[in-house]
Amino acid sequence: MKRVLMICAIITVLTTVGIVWVLFSESYTFFQHVSIWDFLTDTEWSPLSTNKHFGILPLLSGTLLVTAISMSIAVPMGIIIAIYLSEYAPKKFRYYIKPLLEILASIPTVVYGFFALTVVTPFLQNYIPNLAGFNALSAGLVMGIMIIPMISSLSEDALYAVPKSLREGAYGMGSTRLQTSFNVILPAASSGIIVSIILAFARAVGETMIVTVAAGNMANLTADPRETVATITAFIVNMSSGDVQQDSIEYQTIFAAGVTLFVFTFILNSVSFYIKKRFQEKYD
Amino acid sequence: MTSADKNRIKDKAFEYVGMACTFFGLFMLVIFLGDILMTGIEKIDMDFLSNFPSSRARKAGIYPAWTGTLWILGLTAIIAIPIGIAAGIYFEEYAKKSKMANFLEINLANLAGVPSIIYGLLGLQIFVRTLNFGTSLLSGACTLALLILPVIIVSTREALKAVPDSIRQASYGMGANTWQTIWHQVLPASAGGIITGIILAISRAIGETAPLIVVGAATFITNVPDSPMSDYTVLPMQIYSWIGMPDKEFAKSAAAGIIVLLLITFVLNGIAVFLRNRWQKKVKW
Amino acid sequence: MEKLSIKEKKLEAINLNVFYGAKQVLKDVNIAIKANTVTAFIGPSGCGKSTFLRTFNRMNDYVEGFRKEGDIIVDGKDIYQKMIRVEELRKKIGMVFQKPNPFPKSIFENVAYGLKIQGIKNKKLIEETVEKSLKQSALWDEVKDDLKKSALSLSGGQQQRLCIARALALEPSILLMDEPASALDPISTAKIEDLIWELKQKYTIVIVTHNMQQAGRISDNTAFFYMGDLVEYDETKKIFTNPEKERTQNYITGRFG
């Protein structure tokens, strides 16, 4: 019986091996046609036009732009909500509000995309005249709302795990709740909060449907959130749903883009895993 | 004003900011659901559920989409649940504290963080092309099964971890071996937690769109799947393709599709929360 | 026990009843504590002595379901009145807890914390206060060369003296100690006890303790609590040699608790 169970566990290893093998073998063929240097430095991405360019920078900048917008919403709001729920709110309130907020994270992302495209963009266009129909701003804002509960839930767990004695020490010296939260509790829970931010960041980088639906599909090296952009994920979706010849260079670009995304999120996940392990040892 | 007064005001101010942020999240949720309901509710009727998609928005329905979703969920569950539970048991009950266990652990943590679209690429190369399943339900289900496997494994482990060691020791004390102990004692005691985790994993699979686009779920289909090798579409896929239509009327169809999708998601999540609460109340160690 | 004049009373509880939800944890407690004395609260666990200690700086405020009747008077003022600023109150009343709880910061920052949260930025004043407080808590000689080191690197006994220094930096007039030596080894405990003896000159000290020998060694007066009742309150000598109540006698001689 142990054997059978072990084989099932090994499937998880095979999945990783499969991902790495698929991504790297297909990209290997890709990089025989395009030099890694061009891939990393060319500022244009146009695999389908006659004058082909394969610079990942525009896709990367699109990804990072949307991610930055979403994080600038989700990180402050998520942490403030976490502090409020853990240090201020009555227990009952926390008990009911936390699952309600988590509903936000359970909504399928294509739904968020629809919302960004049909509600947020038209609404923002009233105030921002040059806002394109597909734009990084709406996608980023809506993604930020989706990510709030990820940060607030994990951070709240970290804050809540700070020993009560530290809280009492601070209160006993006449600290307000605000001073206790920011001077004592937040620093003590910092590793848990950093983990939640990194995981949210990785999630934002890999998020696909919101950006595909609402940010557009135009590789665009820009930092202007009003413009249409393409993220790595949106490119993969659009390319693989089109009619592209298999084993063509265009087809392989999907995997080259995929490898970039994978390496990026792999690093983020590894860092968060490392911090989490160290953090656990500290509190045991 | 003394510094103590200032501190007090800041403290109160933060309390209101915190409350505002919390309610902002909930407020967006309400706007969100409200807007989608207002847009889509008029579309929902028996025709919508029983019609095929159409190039004319008024006649377009989600019959193949929801049947496809049911098919793919069924297949995904058949593949992922036994493997996930078995792997979870191995992780928690057998592979403790070896080098191998440590490696499996890191690997699992990483898999859980791989973006879903990467699973799509894996499925495209392995299931669609190498194993030649084509753009069938089977390819989609295998891909989704790999995607939710880490979720099931992690929640199975959590549930097993919650079973106190005294139960295991009591069973060993009666002369049971490891597997008998797991099968007769540990699994029944942790069933509630495991089922909760499975439901949450399935509800995640329902909403997945990106990996299915990559492994070739159809955007327009005129028949209902009748075997694992059929071509298919799923609800979120149908919604996605309607969102992309220039005709505004299709936005209503998309919203209506979203209502159905959210209904299924929320019902599943609700069942999971209900089970979790019941299970936590009933089982007190 | 001598009757105290109004001026001599530093701390006072009048007809105090405390409830957590439906459960009553203190029953009609009356006590008056004289300035510059050490008062020990003793009694079996769950008798309400810690809860009582914590009413003097309102640390129970955040406990869910906490409710009280009667009055707590500190320096002649009812501290549960609406106009009282609880933060100000706690600056006047230092507290030391059962388990050493230094903040995860440097030694220096731990002691300077109280000044910083009051918005004091004068570096020289802060440095002087830190030195003075560490000297008062008899820790200065051990840590003066590594004030920048993390407070968590200190031993348990040192951490507890750091927590005392942290409280003293605010120049309180009252020190509340909730079993301050229960988590420490005998040598550290002796150091803390010596310290309490010295601090008595400047501070009014109330100490909750499990350890009856300790109460006997360091306190002037002792209050014995049992199941929410203040059974007996008198000079320590009297309580330990010739208590009036039988229950006190039984507890002191170790027949229960």
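Sequence lines set the chain letters: A, B, ... in the order given, protein chains first and strands last, and positions in each chain run from 1. Note that the structure is predicted; figures quoted are calculated from it, not measured.
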What part of [X] lies closer than 4.5 angstrom to a heavy atom of chain B: side chain, backbone, both or neither?
| X | answer |
| --- | --- |
| A:Glu26 | side chain |
| A:Met209 | side chain |
| A:Thr212 | side chain |
| A:Ile145 | side chain |
| A:Thr15 | both |
| A:Phe266 | both |
| A:Val110 | both |
| A:Ile11 | side chain |

Considering only heavy atoms from C-beta outward, does the side chain of [X] approach that of [Y] to under 4.5 Å?
| X | Y | answer |
| --- | --- | --- |
| A:Ile97 | B:Leu26 | yes |
| B:Thr22 | A:Tyr88 | no |
| B:Phe266 | A:Ile103 | yes |
| A:Leu5 | B:Trp179 | yes |
| B:Leu261 | A:Pro108 | yes |

Any idea which heavy atoms bring [X] and [Y] closest together, and the distance?
| X | Y | result |
| --- | --- | --- |
| B:Gly25 | A:Leu104 | O-CD1, 3.8 Å |
| A:Tyr251 | B:Gln125 | OH-OE1, 3.8 Å |
| B:Ile83 | A:Cys8 | O-CB, 3.7 Å |
| A:Val237 | B:Ala210 | CG2-CB, 4.3 Å |

Nearest-0.5 Å distance, [atom1] of residue [X] to [atom2] of residue [Y]:
| X | Y | atom1 | atom2 | answer |
| --- | --- | --- | --- | --- |
| A:Phe235 | B:Ile117 | CZ | CD1 | 10.5 Å |
| B:Ile243 | A:Phe115 | CD1 | CZ | 12.5 Å |
| B:Asn110 | A:Thr265 | CG | OG1 | 8.0 Å |
| B:Cys21 | A:Ile79 | SG | CD1 | 11.0 Å |
| A:Ser181 | B:Asp11 | OG | CG | 8.0 Å |
| B:Leu121 | A:Ser240 | CG | OG | 7.0 Å |

So which residue, [options], ends up with the most heavy-atom pairs under 4.5 Å with chain B?
| options | answer |
| --- | --- |
| A:Tyr84, A:Phe262, A:Phe273 | A:Tyr84 |
| A:Thr12, A:Val259, A:Ile7, A:Thr208 | A:Thr12 |
| A:Ser106, A:Ala202, A:Ser272, A:Ala82 | A:Ser106 |

Between [X] and chain A, with a heavy-atom cut-off of 4.5 Å, which part of the residue counts as in contact: side chain, backbone, both or neither?
| X | answer |
| --- | --- |
| B:Ile85 | neither |
| B:Ala112 | neither |
| B:Arg204 | neither |
| B:Met237 | neither |
| B:Phe91 | side chain |
| B:Phe23 | side chain |
| B:Leu104 | side chain |
| B:Ile206 | neither |

Options [options], ranked by heavy-atom pairs under 4.5 Å with chain A, top entry:
| options | value |
| --- | --- |
| B:Lys12, B:Arg129, B:Glu105 | B:Arg129 |
| B:Leu149, B:Leu200, B:Ile31, B:Leu124 | B:Leu124 |
| B:Ile239, B:Val214, B:Thr178, B:Val273 | B:Val214 |
| B:Pro150, B:Gly207, B:Ala86 | B:Ala86 |
| B:Ile182, B:Leu146, B:Ile106, B:Thr265 | B:Ile106 |
| B:Ala255, B:Gly120, B:Pro82, B:Ala254 | B:Ala255 |

Problem - CZ/B:Phe27: more than 12 non-hydrogen atoms of other groups inside 6.0 Å - result: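 Open: at most 12 neighbouring heavy atoms sit under 6.0 Å from CZ of B:Phe27.
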Exercise for the section: For the residue pair A:Phe182 and B:Phe14, categorise the inter-ring angle as parallel (less than 30°), tilted (30 to 60°) or perpendicular (more than 60°). Expected result: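 Answer is perpendicular, since the angle exceeds 60°.
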Handout entry: Ring geometry between B:Phe32 and A:Tyr112 (parallel below 30°, tilted from 30 to 60°, perpendicular above 60°)
Key =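 Aromatic pair A:Tyr112/B:Phe32 classed tilted.
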Problem - Criterion side chain to side chain contact (heavy atoms under 4.5 Å, CB included) on B:Lys10 and A:Thr176, from CA distance to verdict - result: CA-CA 9 Å; B:Lys10 281 189 208 159; A:Thr176 61; over 6 Å; no
Handout entry: Partner of B:Leu122 by side chain to side chain contact (heavy atoms under 4.5 Å, CB included), out of A:Ile19, A:Val20, A:Leu23
Key =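 The single option meeting the side chain to side chain contact (heavy atoms under 4.5 Å, CB included) with B:Leu122 is A:Ile19.
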Problem - Distance-only donor-acceptor check, side chains A:Thr16 and B:Asn107, under 3.5 Å - result: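 A donor-acceptor contact under 3.5 Å links the two side chains.
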